[in-house]
Amino acid sequence: MAEISLAIAGGEPQRFPHGISVEEALRVLVSNKERKRTLAVQLGEDLVDLSTPLIADAQLSPITTESEAGLRIMRHSAAHLMAQAVLEIFGPEVKVAIGPAVEDGFYYDFDRAEPFTPDDFARIEARVAEIVAAAAPFTRRTVTVAEAKEFFAGQGQKYKVELLAEMAVPTVTLYEQGGFVDLCRGPHVPNAGFVRAFKLVKLAGAYWRGDEKNVMLQRLYGTAFFDPKDLKTYLFHLEEAKKRDHRKLGRELELFTIQDQVGPGLILWQPKGALMRRLIEDYWKEEHYRKGYELLYTPHIARRDLWQTSGHLDFYGENMFSAMDIDEVSYQLKPMNCPFHINIYKTRMRSYREFPIRWAELGTVYRYERTGVLHGLMRVRGFTQDDAHIFCRPEQLEEEIFNILDLNLHILKTFGFADYDIYLSTRPEKFVGSDEHWLQATEALKLALEKKGLTYRLDPGEGVFYGPKIDIKIKDVLGRSWQCSTIQVDFNLPERFEMRYIGEDGKEHQPIMIHRALMGSLERFFGVLIEHYAGAFPVWLAPVQAIILNITDSQLDYAEKVYEALRGAGVRVAKDTRNEKLNYKIREAQLQKIPFMLILGDQEVEAGQVTVRLRDGKNLPPMPVPEFAGMISNECVASRGW
RNA sequence: GCCCACGUAGCUCAGUCGGCAGAGCACUUCCUUGGUAAGGAAGAGGUCACCGGUUCGAUUCCGGUCGUGGGCUCCA
């Protein structure tokens, strides 16, 4: 028998008999300790089981319990264990669909007449614990698609049969543990004992293959770890994340509210939230002015004809609120601002000399969202976009995109966001515009991204039908990612509205149009902001920057003087002069996450100073009032840049 | 829209195996004037989401509606 040469990546190759298993090879190639925590290896591009026979020279990279990849493999195995437990408890009439590892764990979809209840969780967990204790080995075998079909058909597992029917390969692999056989690519842990900590976390409905035309399956979400301590940490982090939930903080800090009587997905901004919004808007307007934008205001409704012309009724109609008749003319609430901006463009003939035209508006739009998707500030039915439209010549496209990215990142950074995922979406199957335009525009987006030195992911075919786009997504503390910024090229509306300009050649041309929103929606952005800072906003944004806490009534006059002075100096100051103990007042101010507490006792009155307590519990040395006011204004300038 | 769970005072939550509803915090009043995360007492506050049904009687059981949460789908 021939020999093959194997090595740990970066290590010395050694000779082994042809067909030796990965596990046998590891016994020679790595230490015992290392081998015991290895659950699979990477072979080239592929991850394979330890039992895999090796038939060619190769470099092996062990996947251990210490790695992300190892965790994923184990979680995928945990999904199999859960499916085994479910079938054992609820009988073989339960149909299994798919069960992959996901970000924080795994899930498995089941088709069962009776709904699972949270009470079932304990039973399933107990059964999984037994399976884990038995450390049943995972075994793999390769069969033909026909054999696999016959096997699963025999078990009545119709979803597996359906999956097999679409596979364009001759053979598939089956994994078995404890008598449960699943169609699966693998790899898996060597035995169930690797699943040291297992927990079911939630129950949800999910359509078969994600298509709402299909039957709804029951999805059980779980998570698993190699070490029970990690599970505990994970659950602790979930609790911590809940504390930053913008819905909870929004109520506690009195930033915004959503009332049944008003309607779902409709936001009421309370005074403190409204104040913050004003600060955000002021900042936004100033930055835009500096970058050569002009501001517009447009109405909330328009004649239905406008939406006909724009095409929104055709491609966006199901997201629009229904029409209302006014003097026998039909009107509709706006889901977007663009048609208004185009109408302003069209008030007269435009020249290439005016380009680029950059028009921005904080435009409030209304979109019908299905009830199930509404979520605090993140997903609402009425929201204000920080919208803008840029009209330019094709050759200006790249530079304009670059400018937008520049402004975009600058603004995000001011709000403390430096981590985000960038996506470039290219042409979908259904599209308007010429091949040449698409190619040019997509190239321009790419070049701008590269020139800005940004790494991005390509999302092929995920562009809007009217043009390619760049999306920037910010992650919240619960790990959900929210799209805020979007930059889209549009070949459609200029055509539909017959937009024109006179070029250098004296002839009519069609302008290029860019839609863009940086914060996306003020509501969503505010939600992300609340979670990002856990409600402890930077000084320039804090609705209350400082609160005066007097110790006894004998400082009331001085408190009033300090209050007036700080107000006069432009500090957002509040005072708590209630007849309460200092401890009590500090606790409240702390819970309100006010950056500075100004403690006033007899000492401060005498010295004409304030003692500053920070929200992290530290104290600054006593200082005169003007010095404190100066400190605040300096900090704001430093954060905001002006 | 679909699946599962939930909806009791402003907030967090008890409770009623069907018999006119409870705590803590917040709020009001009084006492207390106290230096870095809750001083004490009293008071007020709820058609138990809404609409129907079963019942002598429903906040409790059943059905529907609305809303919320977590998912699916969709998106700023």
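So you know, we letter chains A, B, ... as the sequences are listed, proteins then strands, and number each from 1.
Applying the 4.0 Å criterion to OP1 and OP2 of U68(B), one finds that R251(A) has every side-chain N and O outside that range. Within the 4.0 Å cut-off from OP1 or OP2 of U68(B), not a single side-chain nitrogen or oxygen of H375(A) is found. The side chain of T371(A) places an N or O atom within less than 4.0 Å of a non-bridging phosphate oxygen (OP1 or OP2) of G1(B). OP1 or OP2 of A76(B) lies within a sub-4.0 Å distance of a side-chain N or O belonging to Q483(A). Close to C27(B), at under 4.0 Å from its OP1 or OP2, lies a side-chain N or O of R578(A). At G71(B), one or more side-chain N or O atoms of K202(A) fall inside 4.0 Å of OP1 or OP2 (strictly under the cut-off). Listed pair R247(A) / G69(B) meets the phosphate criterion, a side-chain N or O lying under 4.0 Å from OP1 or OP2.
Of the possible polar contacts, one joining the K585(A) side chain to the D576(A) backbone as a donor-acceptor pair under 3.5 Å is found. With hydrogens and angles disregarded, a donor-acceptor distance shorter than 3.5 Å links the side chain of H288(A) to the backbone of W284(A). A donor-acceptor pair is defined here as one N or O able to donate and one able to accept, closer than 3.5 Å; such a pair exists between the side chain of R524(A) and the backbone of Q483(A). Remark: the backbone N or O of Y533(A) is not paired with any side-chain donor or acceptor of R244(A) at under 3.5 angstrom.
In this structure, a donor-acceptor pair under 3.5 Å is absent between the side chains of Y234(A) and T223(A). In this model, no donor atom of one side chain and acceptor atom of the other lie less than 3.5 Å apart for K575(A) and N550(A). Donor-acceptor pairing under 3.5 Å is recorded for the side chains of Q488(A) and Y466(A).
Within the 4.0 angstrom heavy-atom criterion, only backbone atoms of the sugar-phosphate kind lie near Y584(A); the bases stay farther away. Across all strands shown, N319(A) has no heavy atoms under 4.0 Å from either base or sugar-phosphate atoms. Residue G210(A) is classed as a sugar-phosphate contact, given heavy-atom separations below 4.0 Å to backbone atoms only. Within 4.0 Å of E604(A), counting heavy atoms only, lies at least one base atom of the nucleic acid. Within the 4.0 angstrom heavy-atom criterion, base atoms lie near V380(A). Residue contacts shown for Q218(A) are absent, as no nucleic acid heavy atom lies under 4.0 Å away. Across all strands shown, D211(A) has no heavy atoms under 4.0 Å from either base or sugar-phosphate atoms. Within the nucleic acid shown, R219(A) comes within 4.0 Å of sugar-phosphate atoms alone, with no base atom in reach, counting heavy atoms only. Counting any heavy atom pair closer than 4.0 Å across all strands shown, S485(A) reaches no nucleic acid atom. Within the 4.0 angstrom heavy-atom criterion, base atoms lie near D553(A).
Judged by ring centres under 5.5 Å apart and planes tilted less than 30 degrees, Y221(A) fails to stack against the six-membered base ring of G71(B).
With respect to E361(A), the salt bridge (Lys or Arg N to Asp or Glu O under 4.0 Å) criterion is satisfied by exactly one of R516(A), K334(A), K285(A): K334(A). The side chain to side chain contact (heavy atoms under 4.5 Å, CB included) with Y456(A) is formed by just one residue from the set L449(A), I472(A), D421(A); it is L449(A).
With both ends at atom C1', the span from C48(B) to G22(B) equals 11 Å, rounded to whole Å. Look at the P atom in both C72(B) and U36(B): the space between them is 50 Å, to the nearest Å. One C1' atom belongs to U8(B), the other to U47(B), and the distance between them is 13 Å to the nearest Å. Rounded to whole Å, the C1' atom of U16(B) lies 15 Å from the corresponding atom of A23(B). Here the separation of A37(B) from C51(B), taken at their P atoms, is 48 Å to the nearest Å. Comparing the same atom, C1', in G1(B) and in U60(B) gives a spacing of 31 Å after rounding to whole Å. C13(B) and C17(B) are spaced 23 Å apart, taking the P atom of each and rounding to whole Å. A gap of 47 Å separates the C1' atoms of C75(B) and G18(B), to the nearest Å.
Counting distance only, with no hydrogens placed and no angle test, the side-chain atoms of Y368(A) and the base atoms of G1(B) include no donor-acceptor pair under 3.5 Å. Not a single donor-acceptor contact under 3.5 angstrom links the side-chain atoms of E252(A) to the base of G10(B). On a pure distance criterion of 3.5 Å, a polar donor-acceptor pair joins the side chain of E369(A) and the base of A76(B). A donor and an acceptor atom never sit less than 3.5 Å apart when one is taken from the side chain of R367(A) and the other from the base of C74(B).
Checked against A76(B), G1(B), G39(B), the side chain of R370(A) finds its nearest nucleotide in G1(B). Of the candidates G34(B), A76(B), C2(B), the closest approach to any side-chain atom of Y207(A) belongs to C2(B). Taking every side-chain heavy atom of I586(A) into account, A37(B) is the closest of G39(B), A37(B), C2(B).
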When you compare the protein's N or O atoms with those of nucleotides 45-48 of chain B, which come within less than 3.5 Å of each other, and at what distance?
none

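Across all non-hydrogen atoms, the minimal contact from R75(A) to A224(A) is NE-O, 2.9 Å.
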Apply side chain to side chain contact (heavy atoms under 4.5 Å, CB included) to L549(A) and R613(A), showing your working.
-> CA-CA 10 Å; L549(A) 309 179; R613(A) 183 192 204 270; over 6 Å; no
Ignoring hydrogens and angles, write down the donor-acceptor pairs under 3.5 Å from the side chains of residues 594-604 of chain A, residues two or more places apart or on other chains.
{"unit_1": "D602(A)", "atom_1": "OD1", "unit_2": "S554(A)", "atom_2": "OG", "d": "3.3"}
{"unit_1": "D602(A)", "atom_1": "OD1", "unit_2": "Q555(A)", "atom_2": "NE2", "d": "2.9"}
{"unit_1": "E604(A)", "atom_1": "OE1", "unit_2": "G601(A)", "atom_2": "N", "d": "2.8"}
{"unit_1": "E604(A)", "atom_1": "OE2", "unit_2": "T611(A)", "atom_2": "OG1", "d": "2.5"}

In dot-bracket, 5' to 3', how would RNA chain B read with Watson-Crick or G-U wobble pairs under 3.5 Å, [ ] for crossing ones and | for pairs to another strand?
-> (((((((..((((.....[..)))).(((((.......))))).....(((((..]....))))))))))))....
